[in-house]
Number of protein chains: 2
Amino acid sequence: MDTDLTLSSLRDEGHRITRVREEMVKFFVESSKPLSFGDVMRALEEAGLFVNKTTVYRELKFLLEYGYIAEVYLYPRKVYYELSDLRHHHHLVCEKCGKIDNIINCLVDRLERDVLKRKGFKIKRHTLEFYGLCSDCLERD
Amino acid sequence: MDTDLTLSSLRDEGHRITRVREEMVKFFVESSKPLSFGDVMRALEEAGLFVNKTTVYRELKFLLEYGYIAEVYLYPRKVYYELSDLRHHHHLVCEKCGKIDNIINCLVDRLERDVLKRKGFKIKRHTLEFYGLCSDCLERD
DNA sequence: TAACTAATGCAATTCTGTTGCATTTTAATT
DNA sequence: AATTAAAATGCAACAGAATTGCATTAGTTA
């Protein structure tokens, strides 16, 4: 059950609204793409907030723990964060410039053609990973 | 163009065969699942080879650079390595015990049912990421 | 076996992310 | 507005993963 990331829902759940939190919420809500730690740092600086990295890490952890954002692991070995209440979707990662775009439909077999036609993105490779419970763990529950 | 990972193909391409390389090749060829750095270290130790971590990191890098193995990034924030000439496949990662299994068919829409029936694995979540060239980079080529 | 180059070990270093602790800020209460 | 308790912050130190520099050792070819 993911919660909407808004200042009022944060307040409603008893969390404090600080300058940093306020700005970070804004970035995530306004961004259509996953943000890295560095992206967030940079955005804060551009907003005139020169906060310590510890604070940003802690704030990301806070938003993660309360389910407001989710982690996304993308090549090459990079962690991103995005709103967790987004509609189920996947990412288009450009291997040249690193730009990230979202994609909502995910019928894998049709995708290569469709994505090229609709987004102009040429899929070269994709990863699809499943997480859940293996038969052993399912039995032991 | 991936190259087969065998001692003779390594030799053919002018690479030396060391004890460590020999063992690591064996692990990758014999393993049906992705191996982490730690898995490799442990396997080497079990084979009586007490090598420095630097050597293992360098050997993984070597095998990666020459395209013999590929990296796989899996939750939670972990890097694995597997033969790169494997048939296109995906992974089943148990969120409880961490066990990893491979899956070859990838028709996403049928998967949840099929995987549960065939592998007894209950999919709770999956990630599907695409890598390639965005329209901008495609034009600039 | 000699000689060249690649591979190795070790220590030091970088990079990412975390922790402990003293201080400041938020927001509820008086 | 002043008080207070808890949460947030900054800073420095730390932890862990991975990398680098350099001296030494081992693999391969002639």
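First the proteins, then the strands, lettered A, B, ... as listed; each starts at 1.
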task = List in numerical order all residues of residues 22-31 of chain A for which some heavy atom is under 4.0 Å away from an atom belonging to DNA chain D.
result =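 Contacts with DNA chain D under 4.0 Å: none.
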query = Bend angle of the helix from C:dT1-D:dA30 to C:dT30-D:dA1 from five-pair axes at both ends, rounded to 10°?
reply =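 The angle, to the nearest 10 degrees, is 30°.
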inquiry  = Quick test of your reading: applying salt bridge (charged side-chain N to carboxylate O under 4.0 Å, His left out), list the pairs with at least one residue in residues 59-72 of chain B, sequence neighbours left out, ordered by first then second residue.
reply    =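 Salt bridge (charged side-chain N to carboxylate O under 4.0 Å, His left out) check on residues 59-72 of chain B returns A:Arg77-B:Glu71, B:Arg21-B:Glu59.
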Result block: side-chain N/O donor-acceptor pairs under 3.5 angstrom for residues 45-55 of chain A, not counting sequence neighbours:
{"unit_1": "A:Asn52", "atom_1": "OD1", "unit_2": "A:Thr54", "atom_2": "N", "d": "2.9"}
{"unit_1": "A:Asn52", "atom_1": "OD1", "unit_2": "A:Thr54", "atom_2": "OG1", "d": "2.9"}

inquiry  = Within this structure, what is the CG-CG distance for the pair A:Leu138 and A:Leu133, rounded to the nearest 0.5 Å?
reply    =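 Between atom CG of A:Leu138 and atom CG of A:Leu133 there are 5.5 Å.
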Just jot down the side-chain contact (heavy atoms from CB on, under 4.5 Å) partners of [X], sequence neighbours excluded, or say none.
X        : answer
B:Ser135 : none
B:Glu13  : B:Thr3, B:His15, B:Tyr68
B:Lys78  : B:Ser36, B:Tyr80
A:Arg11  : A:Leu7, A:Ile17

query = Mind checking what makes salt bridge (charged side-chain N to carboxylate O under 4.0 Å, His left out) contact with A:Arg42, not counting sequence neighbours?
reply =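 Partners of A:Arg42 under the salt bridge (charged side-chain N to carboxylate O under 4.0 Å, His left out) test: A:Asp39.
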message = Using the salt bridge (charged side-chain N to carboxylate O under 4.0 Å, His left out) criterion, which residues pair with A:Arg19? Sequence neighbours excluded.
response =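 Checked A:Arg19 against salt bridge (charged side-chain N to carboxylate O under 4.0 Å, His left out); matches are A:Glu23.
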query = What does nucleotides 11-18 of chain D look like as a protein-contact string, B for base, S for sugar-phosphate only, - for none, at under 4.0 angstrom between heavy atoms?
reply = BB----SB
remark   = With sugar-phosphate taken as primed atoms, P, OP1 and OP2 and all else as base, the protein-contact string of nucleotides 22-30 of chain C at under 4.0 Å (heavy atoms; B, S, -) is ---BBS---
inquiry  = If you compare every side-chain N and O of B:Thr55 against the phosphate oxygens of C:dG9 (OP1, OP2), does one of them come in below 4.0 Å?
reply    =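 For B:Thr55, the contact criterion (side-chain N or O under 4.0 Å from OP1 or OP2 of C:dG9) is met.
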